[in-house]
Amino acid sequence: MEELMERSSRRNGRQITKVFKALSDGTRQEILRLLERQQCTVGEIVGNFSLSQPTISRHLSVLKEANLVLDQRHGQNVIYRLNDDALSASMKEFFGQFRACQQELR
């Protein structure tokens, strides 16, 4: 049982690391803010930045790997949206470890 809990803790720690890696980049932060307002295709996201489509796609891959964005195919388009639940859960899990943050998270 203890070994199972330790493996789960390591897995959660790796996920939190992916989340913070994704959040460490200003462009990815802006993409998340954009997706909080509305769902977008890659082209619509690119239209909000002076970056190439492949660059935006790489940023979206990092965000997907961290489970912060979800995508759904509609015909030839892929629609991206913020994964509100995963973002909230990750922040609660990490910051909930600290007494200074626990009351704020209630």
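All values reported here derive from a predicted model rather than from experimental measurement. All values below were derived from every heavy atom in this structure, side-chain atoms included, with hydrogens, water molecules and symmetry-related copies excluded.
Taken to the nearest 0.5 Å, the CG atom of D25 stands 10.0 Å off from the NZ atom of K21. With rounding to the nearest 0.5 Å, the separation of NZ in K92 from SG in C101 is 13.5 Å. Taken from OG in S24 to CD in Q29, the straight-line distance is 8.0 Å, to the nearest 0.5 Å. To the nearest 0.5 Å, atoms OG (S61) and CG (D71) are separated by 9.0 Å.
The closest donor-acceptor contact from the side chain of N48 to the backbone of E44 lies under 3.5 Å. A donor-acceptor pair under 3.5 Å is absent between the side-chain atoms of N77 and the main chain of I79, judged by distance alone. In this structure, Q102 contributes its side chain and G96 its backbone to a donor-acceptor pair below 3.5 Å. A donor-acceptor pair is defined here as one N or O able to donate and one able to accept, closer than 3.5 Å; such a pair exists between the side chain of N83 and the backbone of N67.
Partners of S57 by side-chain hydrogen bond (donor to acceptor under 3.5 Å, both in side chains), not counting sequence neighbours, listed by chain and number: Q53. With sequence neighbours excluded, the residues that form a side-chain hydrogen bond (donor to acceptor under 3.5 Å, both in side chains) with S52 are T55.
The nearest pair of heavy atoms linking E93 to Q97 is O-CG, 3.5 Å. Considering all non-hydrogen atoms of both residues, R73 and G75 come closest at CG-O, 3.3 Å. Closest approach of K18 and A66 over heavy atoms only: O-CB, 3.5 Å.
Transitive grouping of hydrophobic side chains (ILVMFWY, heavy atoms separated by less than 4.5 Å) keeps L87 and V62 in distinct clusters. A continuous path of hydrophobic side-chain contacts links L82 to L34 [ILVMFWY only; heavy atoms under 4.5 Å]. Side-chain heavy atoms closer than 4.5 Å link hydrophobic residues (I, L, V, M, F, W, Y) into clusters, and following such links, possibly through other members, connects L32 to V46.
Annotation: R33, atom CZ; neighbour count of heavy atoms from other residues, nucleotides and ligands within 6.0 Å is above 12. The neighbour count for E30 CD, taken as heavy atoms of other residues, nucleotides or ligands under 6.0 Å away, is above 12.
Between L35 and L63, the closest side-chain pair of non-hydrogen atoms is not below 4.5 Å. Taking the side chain as every heavy atom from C-beta outward, L23 and M91 approach each other to under 4.5 Å. Residues I56 and L51 are in side-chain contact: their nearest non-hydrogen atoms beyond the backbone lie under 4.5 Å apart. V78 is not listed as a side-chain neighbour of Q72, based on a closest heavy-atom distance of 4.5 Å or more. Annotation: side chain of Y80 is in contact with side chain of I45 (closest heavy-atom distance under 4.5 Å).
Residue pairs meeting the ring pair (Phe, Tyr, Trp, His ring centres under 6.0 Å) criterion with at least one partner in residues 14-72, sequence neighbours excluded, are F20-F94.
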